[in-house]
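The figures here come from the full heavy-atom set of this structure, side chains too, leaving out hydrogens, waters and symmetry mates. Within every chain, numbering begins at 1; the chains are lettered A, B, ... in the order of the sequence lines, protein sequences first and strands thereafter.
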Number of protein chains: 2
Amino acid sequence: VDVLIIGAGPAGYMAATWLARTGVNARIIDKRSSRVFAGQADGLQCRTLEVMQSFGFCDRALKEGNHMLEICFWEPDAKGNIYRTESIPDTIPGISRFQQIVVHQGRIEQWFSDAIKKWSHGKMEVDRPVLPLALELDESVKSDDFDAHPVQVTVRHMADEAAMAEQYGSKVANGLFRAFEGDSNKDKFEGDEGKEIIHAKYVIGCDGAHSWTRRQIGIEMEGESTDYIWGVLDAVPITDFPDIRNRCAIHSANNGSVMIIPREQGLVRLYIQMKEAPREAGSARVDRAKITPDLILDSARKIFHPYKLDMVDMKWYTAYQIGQRVAGKFQKNERVFIAGDACHTHSPKAGQGMNTSLMDTYNLCWKIAHVCKGLAKASILSTYESERTKVAKDLIAFDYKLSRLFCGKPGKPGDKDGVSLEEFHRYFEKGNEFASGTTVDYQRSLLQARPSLDFKDGDEPPCYYAKVAKNVAIGRRFDSARVINQADARSWYINDRMLSDGRWRVLYFAGDVKANTALYDFMKKFGEYLASNDTFVKRYTPATAQIDSVLQLYLIHASARRSLEWDEFPEAFRHRDHVGRMDYWSIYADDMSYHEGHGRAYEKYGVDPNVGALIVVRPDNYVSMVTELSGDGIEDVTNFFNGLMAPQKESWTSNGGFKDVAKREEDTYGKHDFGNPVLAV
Amino acid sequence: VDVLIIGAGPAGYMAATWLARTGVNARIIDKRSSRVFAGQADGLQCRTLEVMQSFGFCDRALKEGNHMLEICFWEPDAKGNIYRTESIPDTIPGISRFQQIVVHQGRIEQWFSDAIKKWSHGKMEVDRPVLPLALELDESVKSDDFDAHPVQVTVRHMADEAAMAEQYGSKVANGLFRAFEGDSNKDKFEGDEGKEIIHAKYVIGCDGAHSWTRRQIGIEMEGESTDYIWGVLDAVPITDFPDIRNRCAIHSANNGSVMIIPREQGLVRLYIQMKEAPREAGSARVDRAKITPDLILDSARKIFHPYKLDMVDMKWYTAYQIGQRVAGKFQKNERVFIAGDACHTHSPKAGQGMNTSLMDTYNLCWKIAHVCKGLAKASILSTYESERTKVAKDLIAFDYKLSRLFCGKPGKPGDKDGVSLEEFHRYFEKGNEFASGTTVDYQRSLLQARPSLDFKDGDEPPCYYAKVAKNVAIGRRFDSARVINQADARSWYINDRMLSDGRWRVLYFAGDVKANTALYDFMKKFGEYLASNDTFVKRYTPATAQIDSVLQLYLIHASARRSLEWDEFPEAFRHRDHVGRMDYWSIYADDMSYHEGHGRAYEKYGVDPNVGALIVVRPDNYVSMVTELSGDGIEDVTNFFNGLMAPQKESWTSNGGFKDVAKREEDTYGKHDFGNPVLAV
């Protein structure tokens, strides 16, 4: 195979989805015999929902999940009874078009599983239970040897029973004993029966906090544990506590803290600090065997006082000790990568574990796809570690501080022992911006055309903006605004035309071309350039593909939609395919719509309608470059792509165009999408 | 069976979906061996999308369909070339939260088919190919005999080959020869092989314009044909016509008219007036055998002049002669009903055929479900014919006028021969309101508490408004506004809490209870009334069901959400079920939301926050009653339900409550929905 994915948790599912979507020959294995059906991670942050939307299944999350809108803070009064001190929005208004939702991991994995099946046309599915036994990496193979398969992984196909996690043995599913039998009883699995050797160009280890892959490539976790012990319950509460359907952070006077996460189907998850958790003899480690749902519930009741609390329909419970750890490296030789919990572990209460794991492989796998398909240079793979290590470290720092504030006993400002609840509220609120996932900021590299900046780990580096698009931070995700399709007046979030299908986008903000003659002239000249033989599009697009299958162009003008006629726009933005069918979905107006108001895209992005801009967006929707409408700007874009893309042997440039070589649509990739990219899974 | 549905087109699918959703023992048969895969009806109007939303699958329509936003009018200039004279929104802004979309009937039937499977838990699916042979109705059985099965239908199960419509025999699917072989070659199907006799309480004939069921009960169609002949093509156009992705009405000088309907997947449907269609010898009837796609395309090209037109990816074509006909009656003995094309046929260009057919059985089947389950009196069934006959007649009148204006040769105002294009534009625009399906207005009956009005057939009767909700027309569909859930701050379209599941809704607009003491006191009193034993809810709810399973109550107040605490609201609106789980999803505030703005529901409905209102909404979302907040208002509601509902032998009233009889959740119906009614299909 080109790519072997080890482990089918969130990171593994995202990797498989991306590789299926981009048509890479990949395989995913997991040692467990079935998916997760209860508990585990559950929060989907804004950025994760945006990415799900780009794969076409965000609607399932919005439909099935609980929408968590409000956070309430509760504190002890003088008598030790808790009372509400403040309620604020959970997702910062305006930060994204989606707000966070909560739904259990099993459903999320189902959506990914369906997406993998859809995009791979039924060819890819999780191969389970399959246990990895050995990994060998041939370090002599060069990174630009696209044909070699330098990683060899020996695996064993097992019978289902041997791979059943103990979680399913007891009446209530719990997360205490997810250690897998196969790990400790290797002797059961000797001999050659069911053995297979898999040769791969790349391997991605998505195999969790105790990652087998990580151990094979000799990477250590760095960080520490804390003394705080938390219990978790998923159940339907019977209570007179009025905010049980809101996210709540409750600090009691002496009995610890609770976080409430309201969930789908009437369920509520409680994270409960356990002041009196049973410990292992002579150790600070919690004795997990002695933790029961009743014990956790008892701890909760003390914190909820004077409100009553019972639970029915218990679905899942667990207990854990907070620790913050991050892997020293995220890859070896840019052939074997690790992602997700294999790279970073921390407390679950900020809802970051699954989200960050999903974003790890979302960052990695379009790059692997580009290299496997010969579209880009292998050097782009190095950006995975540089980009994601920083995210992991920021996360650990955030979680460290939040955990300390949440677990500490409430005190007045200046108290030595206590934590300031005011400080906690403010940090929590600020943390919501971080937690939304929308502020991830990738630094200067061959993928981001921006200056290098000086900042320390954990510090927030300043965003970098180019002056022609004052609100578009280079390195951050491209936020969505509504624009109107020129041909049919439909209002679109522009990001719904920029789905995760492996393509780069060049957004041409043409400005108010009707009013501004210079901009109109530039539009004509840009059109002539794009119609010529040697352009940044044609150089990197295989002649066997549609012209928009690697780099997709969009024109967004700032004139009234009906003030311009269709044939005034350059043909590059309304091109015909090999049978003459026209593209009606690449030209947009920043204008009033009939039913959805005015998107005010130019204002949102900080683009002057009398100046315009060119914006290059990565296949994972991060902004690579912002530059001006001029010959220099076009050269900037050209140089940017020259720096990372691989010239094609049979490109449009070398070959004179698609029509010469493409006989049948089935032979091409990047089929005409007829403006309808969001199809039902 | 309780209900037999004959014919699986739009009307039949809607009937089956409703009956599956409400848990009625029903069966659906069709004489063809497979679903439609191309062509046919394609437009989904606002009201249809609202109903699909209420069954949980409108998102599929919005995702897959083409959103048709704009209508352009094209006319001939002095030289005979066409030019654009006007462009206007296709759906009137503000008329609904959905705008019309276009997608082929096969996909629509797929969504219904999936919904039937989901709601019937896999038990119901279309039984095909099954040919009905004979229908006998025992007219002696009384309408209130709920146990009798007075209709006997003899059917024959056929082999697939015998039932294949000729449509699939040629290279391009076409609608010219949909006549079914079994109809004309009855002798092929003699003998007893595959025969079955089905006994039903009710039969619904959804078997199309040539309805077999209609013939069995001796109902005639009334109306006439015209001389106009139209061809239809579904294909991807290759053209320089700039508005090809908009709905267009094109009048040429001498070559007739075209209507353009842009569709999904780059397709466009053209309705083309054929001035030179081949006729049968000595007759005005078109000779269908001589009509080819090329002939239709040639007619189109003349009208498009000076623009070029070619078509690729031809999916479907047909030709038809316009006629307007309506059935004299829609039922016999209120045991055998007909619906859809069996009741009304007309031209397809206003996109009304499928939509009206869907709405026919959407009107009928909740009534049948109520009667089959013993919840309502059989007399409610008589409202089907009275309500839908008026809709059919209005449609025929609308279509007659529109067709004449569209087919006529353009002329100047006052011309004897020509039609005024200005009149055409204005009628078309006005027609869009009618065509949206949102203005259907059911008159006074036991289902609508409103005065009788005098008006002639075809005339528009005045809407009727009660003064406490100035904008809520009694008899029209209840339009949706956004409100905020009191418990969790989520913004909902209130109609997404009023899904099509068979329940009545009583909306209690409590007013600004925080500021207005009288309204606060009324809230307490209404709460006491609802907590008592004899209420309009408890009288008609079986004691084996959840208290909200027949009549669902919502409280919508006009105070700031956080100005009221949860325990101030009456327990009837936050009731606990038999295991103590609370309902957190029945109390709403008309207040600013965090992310979706302010719904301004009171303003939209014309309810004064210092007065309030009680609104009763039918299971199919039509407004039955609007009355005041007072003892008299509660009596109005009580009397209304007394007039149509059937008292329950084991009601909460007679039995003292649900907890005494319900042991296990599985034994009940109307399960706790935990505020999440919109689940994925």
key: Stepwise side-chain contact (heavy atoms from CB on, under 4.5 Å) test for A:Q99 and B:R490   = CA-CA 11 Å; A:Q99 292 87 47; B:R490 180 171 175 187; over 6 Å; no
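Interface check for chain B: of the options A:C72, A:P93, A:P237, the most heavy-atom pairs under 4.5 Å are formed by A:P93. Chosen from B:D90, B:D310, B:T239, B:V312, the residue pairing most often with chain A at heavy-atom distances under 4.5 Å is B:T239.
Looking only at distances, no side-chain donor or acceptor of B:K63 sits under 3.5 Å from a matching main-chain atom of A:D59.
Of all non-hydrogen atoms in B:W566 and A:P242, the two that sit nearest each other are CB-CB, 4.0 Å. The two atoms that bring A:G266 and B:W585 nearest to each other are CA-CH2, 4.1 Å, heavy atoms only. Taking every heavy atom of both residues into account, A:I244 and B:Y584 meet most closely at CG2-OH, 3.2 Å. Contact record, A:D488 with B:N66: OD2-OD1, 4.3 Å, taken as the closest heavy-atom pair. Minimum heavy-atom separation, A:T91 to B:H595: O-CE1, 3.0 Å.
A:E70 has its side chain within reach of B:R562: a pair of non-hydrogen atoms, C-beta onward, lies under 4.5 Å apart.
Rounding to the nearest 0.5 angstrom, the gap separating the CG atom in A:D240 from the CE atom in B:M582 is 8.0 Å. Between B:I238 atom CD1 and A:R576 atom CZ the span is 6.0 Å, to the nearest 0.5 Å. The distance from atom CD1 of B:I484 to atom CG of A:L69, rounded to the nearest 0.5 Å, is 8.0 Å. Once rounded to the nearest 0.5 Å, the distance linking CZ of A:R581 with CG of B:L267 reads 10.0 Å. Rounded to the nearest 0.5 Å, atoms CZ (A:R84) and CD (B:E565) are 4.5 Å apart.
Interface residue B:I92: only backbone heavy atoms are found under 4.5 Å from chain A. Contact annotation for B:D567: neither backbone nor side-chain heavy atoms come within less than 4.5 Å of a heavy atom of chain A. Proximity to chain A is absent for every atom of B:Q486, based on heavy atoms less than 4.5 angstrom apart.
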